[in-house]
Amino acid sequence: MAEWQTLSDRINHVTPSATLAVDAKAKAMKASGLDVIGFGAGEPNFPTPDYVVDAAAAACRDPKNYKYTPTPGLPELREAIAAKTLRDSGYEVAPEQVVVTNGGKQAVYSTFQVLLNDGDEVIIPTPYWTSYPEAVKLAGGVPVTVFAGADRGFEPDLAALEAARTERTKAIIVNSPNNPTGAVWSPETVRGIAEWAIEHHIWIISDEIYEHLNYDDAKTTYIGAAVPECREQLIVLNGVAKTYAMPGWRVGWLIAPLPVAKAAAKLQGHMTSNVANVSQRAAIAAVSGPLDVVHMMREGFDARRKAIVAALNAIDGVNCPTPTGAFYAFADVSALLNRPLGPNGTVSSSSSELAAALLDEAHVAAVPGEAFGAPGYLRFSYALADDQLAEGMRRFQKWASR
């Protein structure tokens, strides 16, 4: 490119999504004829429930869905999301506080765009979902990571959060059940974060997209219900992708105090306008319907969770804590580094190099821990078919044992 064609500093400072990059490479390898097992993307392999698809099919034939509709979402969907919040989270929100977005990722992006000024800091408990720090940077903010390891169950320490706070701290992210670790934070930790945020006038951004995916005795603690006083500074992010196996439908939302919701709708009015009406009609059926199908999918994920944790821990040099939420296994692979692996005796000095070698040589796709602020780990999504999971683990074990 010529000098005058240079791109903005803002986009040049952003790192591409590692999860999407791994998924794209795996799909490209598959398209070339290679048999690749993909543990990369957090994409449920279950079909979208029939009643949701039926609602979308009917919407396709209704001319009222062929036009622009209100930017913050169909009134019926905003009302349904408010009702769903009362049902699942246990507290009331007004439909006017809801802004429907093009997937949960846009809700994340919009939140930081309307909250942050240049130099504002956002505390991000780490390991984190790969897009959080990049969305902060795109808004001119500064991500401040605070690591909590497996010794703490990947659960943030309040003293460490306080140590990271400065006069520029504007917000903190809460993500439980967590991506990438699968950790479900304790009620004590969630309440503690809320009380700390209230004391120091810090926005709370609670990403609750895995809310219904809990296992064993773990339960999602909804911060807005646990500490009602925090709701004036709380923004909840959610969507239908994970709960209802609808990642391709691209419907997410944010719930915020009215001034924030209005600002997010204003931004969306200049960015995308309304979410596709057919997808919104499908989302109405999803969030208004029963959770029976969701519970069925959770049982399937639970069986895979147990299988993948056992398989990973059977590999010499791999240590995988048992996750209690979401559909990810976050395995410590640091003992596999700096030693020859696979038929070529490949030596990897980082988990990023290890993930690349595993994909190239064993045709198994996982996301390296560097993408989540946690070098030395690999994230495996177990939202794939049972036979694919078993075969992928067999390949990994065979490759790592050579």
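One-based numbering along the sequence shown.
Between the side chains of Trp185 and Thr221, no donor N or O sits under 3.5 Å from an acceptor N or O. For the residue pair Thr324 / Asp216, no side-chain donor-acceptor distance below 3.5 Å is found, with atom types taken as modelled. A side-chain N or O of Glu155 and one of Ser186 form a donor-acceptor pair less than 3.5 Å apart.
Without hydrogens or angle criteria, Ser348 side chain to Leu337 main chain gives no donor-acceptor distance under 3.5 Å. Between the side chain of Arg78 and the backbone N or O of Gly73 there is no donor-acceptor pair closer than 3.5 Å. Arg379 places a side-chain N or O within donor-acceptor distance of the main-chain N or O of Gly40, the cut-off being under 3.5 Å. Although no hydrogens or angles enter the test, the distance criterion places a donor-acceptor pair under 3.5 Å between the side chain of Lys242 and the main chain of Gly42.
Between Ile123 and Thr169 there is a side-chain heavy-atom pair separated by less than 4.5 Å. Side chains of Val174 and Ile193 form a contact here, defined as non-hydrogen atoms less than 4.5 Å apart. With contacts defined as side-chain heavy-atom distances shorter than 4.5 Å, the pair Tyr215/Lys306 does not qualify. Looking at Glu121 and Thr166, their side chains come closer than 4.5 Å, going by heavy atoms from C-beta outward. Considering only heavy atoms from C-beta on, Val144 stays 4.5 Å or farther from Ile124 through its side chain. In this structure, the side chains of Thr101 and Gln268 come closer than 4.5 Å at one or more pairs of heavy atoms. Using a 4.5 Å heavy-atom cutoff, the side chains of Ser89 and Glu208 are in contact. Between Val236 and Gln97 the shortest side-chain heavy-atom distance does not fall below 4.5 Å.
Environment of CD in Gln5: crowded, with over 12 heavy atoms of neighbouring residues, nucleotides or ligands closer than 6.0 Å. At most 12 heavy atoms of other shown residues, nucleotides or ligands fall within 6.0 angstrom of atom CG in Asp316. No more than 12 heavy atoms of other residues, nucleotides or ligands sit less than 6.0 Å from atom CG of Asp217. A 6.0 Å sphere centred on OH of Tyr68 holds no more than 12 heavy atoms belonging to other residues, nucleotides or ligands.
Considering every non-hydrogen atom in both Ser206 and Leu234, the closest pair reads CB-CD1, 3.9 Å. Heavy atoms only, all atoms of each residue included: Ile235 and Pro257 are closest at CG1-CD, 4.5 Å. Summarising the geometry of Pro75 relative to Pro70, their closest heavy-atom pair is CD-CG, 4.3 Å, with the distance given to 0.1 Å. Nearest heavy atom pair, residue Asp35 against residue His363, reads O-CB, 3.4 Å. Contact detail for Ala148 and Pro127: the closest heavy-atom pair is O-CD, 3.5 Å. In terms of heavy atoms, Met246 sits closest to Ala282 at CE-CB, 4.0 Å.
The residues Asp118 and Arg168 are annotated as not salt-bridged, no charged nitrogen and carboxylate oxygen being separated by less than 4.0 angstrom. A salt bridge links Arg395 with Glu391: the distance from a Lys NZ or Arg NE/NH1/NH2 to an Asp or Glu carboxylate oxygen falls below 4.0 Å. Salt bridge Asp360/Lys25: present, at least one basic N to carboxylate O contact under 4.0 Å. Using a 4.0 Å cut-off between charged nitrogen and carboxylate oxygen, Glu76 and Arg281 count as a salt-bridge pair. Using a 4.0 Å cut-off between charged nitrogen and carboxylate oxygen, Glu211 and Lys84 count as a salt-bridge pair.
Partner of Leu341 under the side-chain contact (heavy atoms from CB on, under 4.5 Å) criterion, chosen from Val347, Leu354, Thr346: Leu354. Between Tyr328 and the choices Tyr210, Trp129, Phe380, the ring-ring contact (aromatic ring centres under 6.0 Å, His included) rule is met once, by Tyr210. The residue from Val275, Asn277, Val287 that alone fulfils the side-chain contact (heavy atoms from CB on, under 4.5 Å) condition with Leu77 is Val287.
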(message) Test side-chain contact (heavy atoms from CB on, under 4.5 Å) on Ile308 and Phe39; report intermediate values, then the result.
(response) CA-CA 11 Å; Ile308 198 168; Phe39 292 93; 3.9 Å; yes
(request) Take Lys137 and Asp9 through the test salt bridge (charged side-chain N to carboxylate O under 4.0 Å, His left out) and record every step on the way to the result. (result) CA-CA 11 Å; Lys137 288 188 282 186; Asp9 291 340; over 6 Å; no
(request) Please lay out, stage by stage, how Val367 and Leu378 fare under the test side-chain contact (heavy atoms from CB on, under 4.5 Å). (result) CA-CA 6 Å; Val367 185; Leu378 293 182; over 6 Å; no
(request) Go through the steps to decide whether Ile37 and Leu384 satisfy the test side-chain contact (heavy atoms from CB on, under 4.5 Å), and finish with yes or no. (result) CA-CA 9 Å; Ile37 308 293; Leu384 74 170; 4.0 Å; yes
(request) Assess whether side-chain contact (heavy atoms from CB on, under 4.5 Å) is satisfied between Tyr222 and Asp88, documenting all intermediate values. (result) CA-CA 9 Å; Tyr222 295 95; Asp88 297 340; 4.1 Å; yes
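Sorted by first and then second residue, the side-chain hydrogen bond (donor to acceptor under 3.5 Å, both in side chains) pairs involving residues 49-61 (not counting sequence neighbours) form an empty list.
Aromatic ring pairs are classed by plane angle as parallel below 30°, tilted from 30° to 60° and perpendicular above 60°; the pair Phe154 and Tyr377 is perpendicular.
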Could you list the donor-acceptor pairs under 3.5 angstrom formed by side chains in residues 293-301, with sequence neighbours left out?
| from | atom 1 | to | atom 2 | distance (Å) |
| --- | --- | --- | --- | --- |
| His295 | ND1 | Leu291 | O | 3.4 |
| Arg298 | NH1 | His212 | O | 3.2 |

